[in-house]
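FYI, the numbering just counts along the sequence from 1.
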Amino acid sequence: MSLWNWSGFFGYLFNPFILGGVFTTVWLTVVSLVAGLILGFALALMRRSSRRVPTYIAKAYIWLFRGTPLLVQLIAIYTALPLFGIKFTVIEAALLGLALNEAAYLAEIIRAGIEAVPEGQTRAARALGMTERQIMRYIVMPQAFKVIVPPLGNSVNGLLKTTSVTSVISVEELLRRTQVLIQERFMVLELFAVAAIYYLLLTTLWDFFQSHIEKRLGQAESRLSVNEKR
């Protein structure tokens, strides 16, 4: 008896049920990333605040969410919070858990990018009469972005795979739908291979996109250097 079913493997490679899980994985990643970036940016600014309270709040948040597993956070959001009258649907709990967890990591990436910009440039901008918001928008962030992009890209790559953890609270993303089919069809190796191929495809596509962004940033920096020399 063959341990591998080729017809089963190819039959599920383009199965609509599996493709629906792929779509869910993608939009979970996108929404969680956007929410994580917004919260992460706020946390990064709080970490750099001259006031103690915002700084301590941001440090405590980052310490908590980076120091505990995402799995524990998801279970706490989905099963523990209802004990206090706070209830979320499966999708809401998944998005909240992913976004809160991702924000803790993105906050440190963004903070490192901001701090990589020489302090002399912000002082010069203040001397010219620019507001703090203008300094952040026109001076700091364009330069910080070049530092932020590489680790941010790695975070996106990791987030694509991390969405699989939401299967523990029954979110029907790629891994969960694969498990459902395994229980019905008993083709463990074939279906996990199909899931692995899709994860590889998604992360590879993102790697190409990230490389394109980094290349464009490098070209823009080169043109700027040439113009400065002239």
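One finds the CG atom of Leu33 at 10.0 Å from the CD1 atom of Ile38 (value rounded to the nearest 0.5 Å). Going from atom CG of Leu81 over to atom NZ of Lys87 covers 12.0 Å, rounded to the nearest 0.5 Å. Atom OG1 in Thr162 sits 7.0 Å away from atom CG in Leu70 (nearest 0.5 Å).
Hydrophobic cluster membership differs between Val147 and Ile135, with clusters built from Ile, Leu, Val, Met, Phe, Trp and Tyr side chains linked at under 4.5 angstrom. Leu160 and Leu19 fall within a single hydrophobic cluster, where Ile, Leu, Val, Met, Phe, Trp and Tyr are joined by side-chain heavy atoms under 4.5 Å apart, directly or via other members. In the hydrophobic clustering of this structure, Met141 groups with Leu152; members are Ile, Leu, Val, Met, Phe, Trp, Tyr whose side-chain heavy atoms approach within less than 4.5 Å, directly or through other members. Under a hydrophobic-cluster definition in which Ile, Leu, Val, Met, Phe, Trp and Tyr are linked whenever side-chain heavy atoms come within less than 4.5 Å, directly or via other members, Leu13 and Phe186 are assigned to different clusters. Tracing side-chain contacts under 4.5 Å through hydrophobic residues (I, L, V, M, F, W, Y), one never reaches Tyr78 starting from Val72; they form parts of separate clusters.
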Trace of the side chain to side chain contact (heavy atoms under 4.5 Å, CB included) decision for Leu39 with Tyr61: CA-CA 11 Å; Leu39 180 56; Tyr61 178 99; 3.3 Å; yes
Side chain to side chain contact (heavy atoms under 4.5 Å, CB included) between Phe192 and Ile182, worked out: CA-CA 9 Å; Phe192 273 134; Ile182 287 173; 3.6 Å; yes
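Under the 4.5 Å side-chain criterion, counting only non-hydrogen atoms from C-beta, Leu189 is not in contact with Phe9. The shortest side-chain heavy-atom distance between Phe88 and Ile169 does not fall under the 4.5 Å cut-off. The closest side-chain heavy-atom distance from Val156 to Phe209 is not below 4.5 Å.
Annotation: ring-ring contact (aromatic ring centres under 6.0 Å, His included) contacts of Tyr56 (sequence neighbours excluded): none. Applying the ring-ring contact (aromatic ring centres under 6.0 Å, His included) rule to Phe10 yields the partners Trp6; only residues at least two apart in sequence or on another chain are considered. Applying the side chain to side chain donor-acceptor pair (under 3.5 Å) criterion to Ser7, with sequence neighbours excluded, gives Asn5. Applying the side chain to side chain contact (heavy atoms under 4.5 Å, CB included) criterion to Leu64, with sequence neighbours excluded, gives Thr68. Listed by chain and residue number, Arg51, Pro54, Thr55 satisfy the side chain to side chain contact (heavy atoms under 4.5 Å, CB included) test with Ser49 (two or more places apart in sequence, or in another chain). Glu115 pairs by the side chain to side chain contact (heavy atoms under 4.5 Å, CB included) definition with Arg48, Arg111, not counting sequence neighbours. Every side chain to side chain contact (heavy atoms under 4.5 Å, CB included) that Arg133 has, sequence neighbours left out, goes to Thr131.
Heavy atoms of other residues, nucleotides or ligands lying less than 6.0 angstrom from CZ of Arg66 number more than 12.
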Would you be so kind as to tabulate the donor-acceptor pairs closer than 3.5 Å made by side chains of residues 22-32, with sequence neighbours excluded?
unit_1: Thr24; atom_1: OG1; unit_2: Gly20; atom_2: O; d: 3.0
unit_1: Thr25; atom_1: OG1; unit_2: Gly21; atom_2: O; d: 3.1
unit_1: Thr25; atom_1: OG1; unit_2: Leu174; atom_2: N; d: 3.2
unit_1: Thr29; atom_1: OG1; unit_2: Thr25; atom_2: O; d: 2.8
unit_1: Ser32; atom_1: OG; unit_2: Leu28; atom_2: O; d: 2.7

Table please: side-chain donor-acceptor pairs of residues 94-106 below 3.5 Å, with sequence neighbours left out.
unit_1: Asn101; atom_1: ND2; unit_2: Phe65; atom_2: O; d: 3.4
unit_1: Asn101; atom_1: ND2; unit_2: Gln73; atom_2: OE1; d: 3.1

Only pairs under 3.5 Å count here: list side-chain donor-acceptor contacts from residues 199-207, not counting sequence neighbours, and write none if there are none.
unit_1: Tyr199; atom_1: OH; unit_2: Glu173; atom_2: OE1; d: 3.3
unit_1: Thr203; atom_1: OG1; unit_2: Tyr199; atom_2: O; d: 2.9
unit_1: Thr203; atom_1: OG1; unit_2: Leu200; atom_2: O; d: 3.1
unit_1: Thr204; atom_1: OG1; unit_2: Leu200; atom_2: O; d: 2.6
unit_1: Trp206; atom_1: NE1; unit_2: Gly153; atom_2: O; d: 2.9
unit_1: Asp207; atom_1: OD1; unit_2: Asn157; atom_2: ND2; d: 2.9

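Nearest heavy-atom pair, Ala44 versus Ile110, reported as atom, atom and distance to 0.1 Å: CB-CG2, 3.8 Å. Minimum interatomic distance between Val117 and Ala144 (heavy atoms only, all atoms of both residues): CG2-N, 3.9 Å. Ile148 approaches Gly113 most closely through the heavy-atom pair CG1-CA, 3.9 Å. Here the closest non-hydrogen pair linking Ala107 and Leu43 is CB-CB, 3.7 Å. The minimum heavy-atom distance between Ile139 and Ala125, with the atom names listed, is CG1-CB, 4.2 Å. Between Val194 and Tyr12 the shortest heavy-atom distance is CG1-O, 3.7 Å.
Remark: the Gln183 side chain and the Gln179 side chain contain no N/O donor-acceptor pair separated by less than 3.5 Å.
The salt bridge (charged side-chain N to carboxylate O under 4.0 Å, His left out) pairs that include a residue from residues 174-203 are Glu172-Arg177, where partners are two or more places apart or lie in different chains. Within the structure, side chain to side chain donor-acceptor pair (under 3.5 Å) contacts touching residues 120-129 (residues at least two apart or in different chains) are Glu119-Thr122, Gln121-Gln143, Arg126-Glu132.
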